[in-house]
Protein chains: 2
Amino acid sequence: MVRTIERLPKRQRHQLLTGLIEDNPFITDQELTRQLKVSIQTVRLDRLELGIPELRERMKLMAERSYDAVRSLPLHEVIGDIVDLQLDHSGISIFEIKEEHVFSRTGIARGHHVFAQANSLAVAVINDEIALTATADIRFVRSVKLGEKCIAKAYVRSGGRSKAKVEVCSYVGDELVFQGHFVIYRSAGESGIEGGMDGADRN
Amino acid sequence: MVRTIERLPKRQRHQLLTGLIEDNPFITDQELTRQLKVSIQTVRLDRLELGIPELRERMKLMAERSYDAVRSLPLHEVIGDIVDLQLDHSGISIFEIKEEHVFSRTGIARGHHVFAQANSLAVAVINDEIALTATADIRFVRSVKLGEKCIAKAYVRSGGRSKAKVEVCSYVGDELVFQGHFVIYRSAGESGIEGGMDGADRN
DNA sequence: CAGCTATTATAACCAGGTACTAATAGTATA
DNA sequence: TATACTATTAGTACCTGGTTATAATAGCTG
């Protein structure tokens with residue numbers, strides 16, 4: 001072709017296209033045509049090759065994802081993935097420290113994420129419609145860093161009718177990184193509760 | 001009409017239609033036609049009257065909303081606006097409880113946000129390159145709800161060379177909602193520190 | 001009966017595609 | 001050099017899920 005040099009080779013165009021769609025999923029093929037300087041057919045063949053669905057499909061997926069996220073908020077309300085749960089007894093959750101959880105400067109996890117995991121678990125382990133954290137006594141034993149997997153283990157230490165004491169220990173590997181004693185109010189005694197914090201939903 | 005009695009009056013149909021779309025935004029007019037037992041034109045006139053956009057528009061709106069939510073996450077990293085700061089002495093921050101901070105079911109703020117505001121402030125008030133939370137003793141006095149503005153006040157109670165004790169009280173109006181005693185390590189004594197939590201970034 | 005609302009029908013048009021067929025340019029290979 | 005193959009472009013028919021406009025019909029009301 002005459003203008004071959006002016007345009008990108010296929011590989012690079014594919015990369016560019018992927019990038020363009022990634023940082024603006026609302027872009028049409030028409031727009032891509034303009035930005036990539038190729039025909040709309042080429043854009044479509046490229047999407048086909050790359051397995052990138054059409055605009056409407058992309059929007060639908062995003063919409064469904066957010067809709068599901070909203071619908072499954074109860075699950076979402078727990079920070080970390082619960083891998084074991086014995087109501088009123090114990091529970092385990094895993095939480096991976098990603099980019100968005102750390103201070104970029106130090107790579108150290110922001111404390112509230114570590115705290116949130118432990119707190120969520122403490123609340124989840126209580127077998128009640130609504131559970132609210134009343135007090136927490138916590139200790140950050142060592143800092144948790146980017147990429148580390150934080151495993152929180154919760155044990156219910158005493159379960160009164162309106163209060164429960166839950167102990168949570170979080171580990172990275174064998175190392176203890178966080179320890180907390182939570183007092184959780186349960187909905188059974190709700191009339192007397194003024195303080196409170198999280199609601200725990202179970203589906 | 002012959003079958004007037006079989007069908008709903010307009011008002012009720014509008015209510016039903018609104019409800020149907022609300023709990024399944026992905027429904028097409030075709031589907032609505034079947035469920036409402038009226039023609040597709042009627043469905044469309046109804047949507048027009050009610051100001052309900054077409055399926056694709058609804059999906060687009062949902063997709064955009066979720067996309068914006070993701071994009072604004074980085075901003076999220078600053079928990080509360082610091083409005084006053086006297087290093088090694090005291091500080092005040094304000095944090096407004098928005099949709100994304102509460103449990104949708106109850107409208108009660110997730111505890112880790114309230115905690116995060118207090119913790120951020122406790123860390124910020126310490127005049128050091130790196131400050132790390134070692135322990136925290138916290139109490140959620142009453143739940144904070146959607147729309148409320150949480151004002152956190154921090155006071156440095158004792159400041160050793162390597163440790164500082166910071167007390168944080170959070171209020172909504174005059175009401176105390178949260179109280180916490182934080183022990184913060186400062187970088188001056190970093191060699192001896194194993195525990196820790198947050199780095200304090202000051203912009 | 002006229003005038004009105006509610007409903008339905010019909011047709012043209014639109015965006016943003018898919019699916020398919022075909023033509024062309026350039027490159028590699030036997 | 002002829003042939004095969006890839007990459008690109010073009011064009012058409014068709015699809016979904018609508019909008020917009022125009023008209024016809026049913027049923028009620030004063």
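Everything numeric here is computed off the predicted structure, so don't read it as measured data. We name chains A, B, ... by the order of the sequence lines, and we start the count at 1 in each one. For the numbers below, each heavy atom of this structure counts, side chains included, while hydrogens, waters and symmetry mates do not.
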How does protein reach along nucleotides 13-20 of chain D, written 5' to 3' as B (base within reach of a heavy atom under 4.0 Å), S (only sugar-phosphate), or - (no contact)? ---BBBB-
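Using a 4.0 Å heavy-atom criterion, one finds that B/I40 contacts no nucleic acid atom at all.
Between the P atom of D/dT9 and the CG atom of A/L36 lies a distance of 10 Å, rounded to the nearest Å. The CD atom of A/E31 sits 14 Å away from the C1' atom of C/dA15 (whole-angstrom rounding). Protein atom CG of A/L17 is 12 Å distant from nucleotide atom P of D/dT8, rounded to whole Å. Per the geometry, CZ belonging to B/R13 stands 12 Å off C1' belonging to C/dT8, to the nearest Å. Between the P atom of C/dT21 and the CG atom of A/L45 lies a distance of 14 Å, rounded to the nearest Å. Look at CD on B/Q41: it is 16 Å from P on D/dT22, rounded to the nearest Å. The nearest whole Å value for the distance from the CD atom in A/E57 to the P atom in C/dT18 is 9 Å. Between B/K10 atom NZ and C/dT5 atom P there is a gap of 10 Å when expressed in whole angstrom units.
A/I108 places none of its side-chain heavy atoms less than 4.5 Å from the side chain of A/V144. Between B/Q179 and B/I138, the closest side-chain pair of non-hydrogen atoms is not below 4.5 Å. B/D88 places none of its side-chain heavy atoms less than 4.5 Å from the side chain of B/V125.
The aromatic rings of B/F115 and A/F115 sit parallel, their planes meeting at an angle under 30°, below the 60° perpendicular limit.
At the phosphate of C/dT7, neither OP1 nor OP2 sits under 4.0 Å from any side-chain N or O atom of B/S39.
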Just list the side-chain donor-acceptor pairs under 3.5 Å for residues 45-55 of chain A, sequence neighbours left out, or say none.
{"unit_1": "A/D46", "atom_1": "OD1", "unit_2": "A/R13", "atom_2": "NH2", "d": "3.0"}
{"unit_1": "A/D46", "atom_1": "OD1", "unit_2": "A/H14", "atom_2": "NE2", "d": "2.9"}
{"unit_1": "A/D46", "atom_1": "OD2", "unit_2": "A/R13", "atom_2": "NE", "d": "2.6"}
{"unit_1": "A/D46", "atom_1": "OD2", "unit_2": "A/R13", "atom_2": "NH2", "d": "3.1"}
{"unit_1": "A/R47", "atom_1": "NE", "unit_2": "A/D29", "atom_2": "OD1", "d": "3.0"}
{"unit_1": "A/R47", "atom_1": "NH1", "unit_2": "A/I52", "atom_2": "O", "d": "3.1"}
{"unit_1": "A/R47", "atom_1": "NH2", "unit_2": "A/D29", "atom_2": "OD2", "d": "2.7"}
{"unit_1": "A/E49", "atom_1": "OE1", "unit_2": "A/K10", "atom_2": "NZ", "d": "3.3"}
{"unit_1": "A/E49", "atom_1": "OE2", "unit_2": "A/K10", "atom_2": "NZ", "d": "3.0"}

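A cation-pi geometry, defined here as NZ or CZ lying under 6.0 Å from the six-membered ring centre and within 45° of its normal, holds between A/K153 and A/Y171.
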